[in-house]
Amino acid sequence: MDYHELHKMRVADLRELAKEKTSLTGVSGLHKEDLVDRLADALGIEKPHKVAVLSGKAEIKQRLRKFKADRQAAIESKDREQMLVARKELKKIRRQLQHAAKEALVHS
């Protein structure tokens with residue numbers, strides 16, 4: 001098992017692993033990043049220099065929801081120009097999200 005496999009696991013599974021295989025205490029209150037770091041140290045797994053995480057995903061998805069609502073409002077008001085602008089922005093945001101996800105996979 002390597003660091004990236006630990007990082008891909010769910011928090012519940014990480015906590016269970018910590019309780020079973022190590023003598024770590026207080027794992028139920030830790031966030032995933034802290035839990036993965038402590039578990040890696042306890043199991044002797046080396047942490048890579050750079051761990052890629054999809055940053056800004058929540059912000060991107062929030063913008064996506066905003067433009068979906070804008071597009072729907074433009075459709076209902078039959079404003080073709082606004083609908084096209086919203087569709088173009090949606091496409092740009094989706095590409096940005098896919099690009100960020102691919103980068104995170106490449107670096108993980």
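All figures in this text were calculated on a predicted structure; none of them were measured in a lab. All values below were derived from every heavy atom in this structure, side-chain atoms included, with hydrogens, water molecules and symmetry-related copies excluded.
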key: Distance in Å, I45 CD1 paired with L6 CG, rounded so as to fall on 0.5 Å steps   = 4.5 Å
key: Side-chain touch L90/K68, heavy atoms, less than 4.5 angstrom   = yes
key: Side chain proximity check, Q72 to E76, heavy atoms < 4.5 angstrom   = yes
note = With sequence neighbours left out, the residues meeting side chain to side chain contact (heavy atoms under 4.5 Å, CB included) with K61 are K57, R65, L97
remark   = To the nearest 0.5 Å, atom CD1 of I75 lies from atom CD of Q82 at 12.0 Å
remark   = Residues passing the salt bridge (Lys or Arg N to Asp or Glu O under 4.0 Å) test with K21, sequence neighbours excluded, are none
message = Could you check whether any side-chain heavy atom of R94 comes within less than 4.5 Å of a side-chain heavy atom of K91, counting everything from C-beta outward?
response = no
inquiry  = Counting C-beta onward and ignoring hydrogens, is there a side-chain heavy-atom pair between Y3 and D37 closer than 4.5 Å?
reply    = yes
query = Looking at D34 and R38, does any basic side-chain N land under 4.0 Å from a carboxylate oxygen?
reply = no
inquiry  = Is the shortest side-chain heavy-atom distance between V36 and K32 below 4.5 Å?
reply    = yes
List the atom pairs, with distances to 0.1 Å, where a side-chain N or O of residues 12-20 and a protein N or O form a donor-acceptor pair under 3.5 Å, not counting sequence neighbours.
{"unit_1": "D13", "atom_1": "OD1", "unit_2": "R10", "atom_2": "NH2", "d": "3.4"}
{"unit_1": "D13", "atom_1": "OD2", "unit_2": "R10", "atom_2": "NE", "d": "3.3"}
{"unit_1": "R15", "atom_1": "NE", "unit_2": "V27", "atom_2": "O", "d": "3.2"}
{"unit_1": "R15", "atom_1": "NH2", "unit_2": "S28", "atom_2": "O", "d": "3.3"}
{"unit_1": "R15", "atom_1": "NH2", "unit_2": "L30", "atom_2": "O", "d": "3.0"}

query = Roughly how far, to the nearest 0.5 Å, is the CD1 atom of I93 from the CD atom of Q98?
reply = 12.5 Å
key: Side-chain heavy atoms of K66 within contact of D70, under 4.5 Å   = yes
